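Heads up: the structure comes next, in structure tokens.
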Amino acid sequence: MTRPRTMAALLMAALLCALTAACGTGTGPTEGDRPAVSIAASDYLGGAPVYVAQERALWAAEGIDATVTTQPTGRDALNAVLGGQAQLGVVGDLPAVSAALGGRELRIVADLSRFSDWRLLTRTDRKITGFDALKGRRIGVPQGTNVEYALSRMLASARLTTADVTVVNLAPNQITPALARGDVDAGVTFPSFYDPTRDTLANRYAELPFTGYTARTLLVAGPEASEETTTAVLRALRKAQQGIAADPPAARKAVLAQSKGALQADYVDSFQPRYAYGATLTPELLDDLAQEAAWAKTAQNLPGSADRTVLLKHLNPAPLTAADPTAVTIR
């Protein structure tokens, strides 16, 4: 009987020791106690604050343990959130609008960045010297992304619609080879493919610049994201944004490191300064979302309302207000 009692005493002592170690000194949560949050990101430059926060380990300072994965497009990041694989997503404005119109359970919690340096890529032998020359042409574009909306704005600038052209649905990295083969006459894709297309087409390369659409990179929350954790993420992103502003070259190095070879240094150095960063929720954002929603209802035959007051219900300003009250001006 002595041996069992001795073993029981030893087990009890070990248990108490483990509990004491887990409780710590009461100064704060240990790494294992930090709430975990998963973030599905997409555009490296549009979502640069997320990658800077990851590179500089800013999550732990806000008491969270974040896991960041990068998806090929914002549409894929959105699907990860809607499918429950991620709690938060870094997505373009059009995918978020399409989800709202489709009645999906999703909340926009911040507008992370803005970008308006779009280009229509084409070939010199196609002789497309203006957007009006696109009528009757084949145009490659990754449908369902904000790039598709950029194309619609390009067409509208020449009083054209997608009914006046043949839209070919291609992945972002398929635009360049399609142009090289002559499968399409023009293409619109993500900025990271501008220079590779120029290199591939060489003296056949031509482009039309377009600044008539400001694309927004949004942070969206799925039903599994808590407001407390989302607020902590936004606090970390605010610190990352401050770091981007204070030391742009270091921020570009952080994004390049986090891309793990997916981006080239020349591209990051050239294009990251063209993004305007700063987590906000503004009336201008809602105006742009309403305009996109009106277009998406027609282009994608979605059932929801494009009314501004209805779209407002898909915004959740509480986490950003808690992180930085001055960043929220929408009511």
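Sequential numbering from 1 along the given sequence is applied to the chain's residues. This one's a predicted model, so the numbers in the text were calculated from it and none came from an experiment.
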Find the distance between NZ (Lys127) and CZ (Arg137) and round it off to the nearest 0.5 Å.
10.0 Å
Is it the case that more than 12 heavy atoms not belonging to Glu228 sit under 6.0 Å from its CD atom?
no
Steps toward salt bridge (charged side-chain N to carboxylate O under 4.0 Å, His left out) verdict (Glu62, Lys239):
CA-CA 10 Å; Glu62 299 303 328; Lys239 291 179 180 178; 2.6 Å; yes
For Thr145 and Thr73, test the side chains for any donor-to-acceptor distance below 3.5 angstrom and give the result as yes or no.
no
Which of Leu160, Thr161, Val167, Asp132 passes side chain to side chain contact (heavy atoms under 4.5 Å, CB included) with Leu155? Answer is Leu160
Answer with yes or no whether the side chains of Trp59 and Gln54 bring together a donor and an acceptor at under 3.5 Å.
yes
For Pro172, is there any backbone N or O sitting under 3.5 Å from a side-chain donor or acceptor partner on Thr189?
yes
With rounding to the nearest 0.5 Å, note down the distance linking CG in Leu234 to CG in Leu320.
5.5 Å
Can we say Asp111 and Arg114 salt-bridge, meaning some charged N sits less than 4.0 Å from an Asp/Glu carboxylate O?
yes
Exam field: side chain Glu292 to backbone Leu289, donor-acceptor pair closer than 3.5 Å
no
Expected output: side-chain Arg274 to main-chain Ser270 donor-acceptor under 3.5 Å
yes
Let me confirm one number: the CZ-CG distance from Phe193 to Asp199, rounded to the nearest 0.5 Å.
13.0 Å
Check: Gln87/Thr229 side-chain N/O donor and acceptor closer than 3.5 Å
no
Judged by atom type as modelled, is there a donor-acceptor pair below 3.5 Å linking the side chain of Arg123 to the main-chain atoms of Leu179?
yes
Asn146 and side chain to side chain contact (heavy atoms under 4.5 Å, CB included): which partner among Leu218, Thr217, Leu94?
Leu94
Partner set under side-chain hydrogen bond (donor to acceptor under 3.5 Å, both in side chains) for Arg138, not counting sequence neighbours:
none
So, does Ser42 use its side chain to make a donor-acceptor pair with the main chain of Val90 at under 3.5 Å?
yes
Side chains of Ser259 and Tyr51: do they bring a donor and an acceptor to under 3.5 Å?
no
Yes or no on salt bridge (charged side-chain N to carboxylate O under 4.0 Å, His left out) for Arg308 and Asp287, after CA distance, side-chain angles and deciding distance?
CA-CA 7 Å; Arg308 192 176 186 275; Asp287 291 340; 2.8 Å; yes
Tell me whether the count of non-hydrogen atoms from other residues, nucleotides or ligands lying under 6.0 Å of CZ in Arg104 goes above 12.
no
For Arg181, I'd like to know if atom CZ has over 12 heavy atoms of other residues, nucleotides or ligands within 6.0 Å.
yes
Under 3.5 Å side-chain donor-acceptor pair for Asp307 and Ser305
no
State, without any angle test, whether Arg204 and Thr200 hold a side-chain donor-acceptor pair at a distance under 3.5 Å.
no
Please find out if less than 6.0 Å separates the ring center of Tyr267 from that of Tyr194.
no
Using modelled atom types and a 3.5 Å cut-off, is there a donor and acceptor pairing between side-chain atoms of Asp164 and backbone atoms of Lys135?
no
Are more than 12 heavy atoms from other residues, nucleotides or ligands located less than 6.0 Å from atom NZ of Lys297?
yes
Those residues that, when tested against Phe190, pass ring-ring contact (aromatic ring centres under 6.0 Å, His included) (two or more places apart)
none
Donor-acceptor contact below 3.5 Å, side chain Trp295 vs main chain Ser152
no
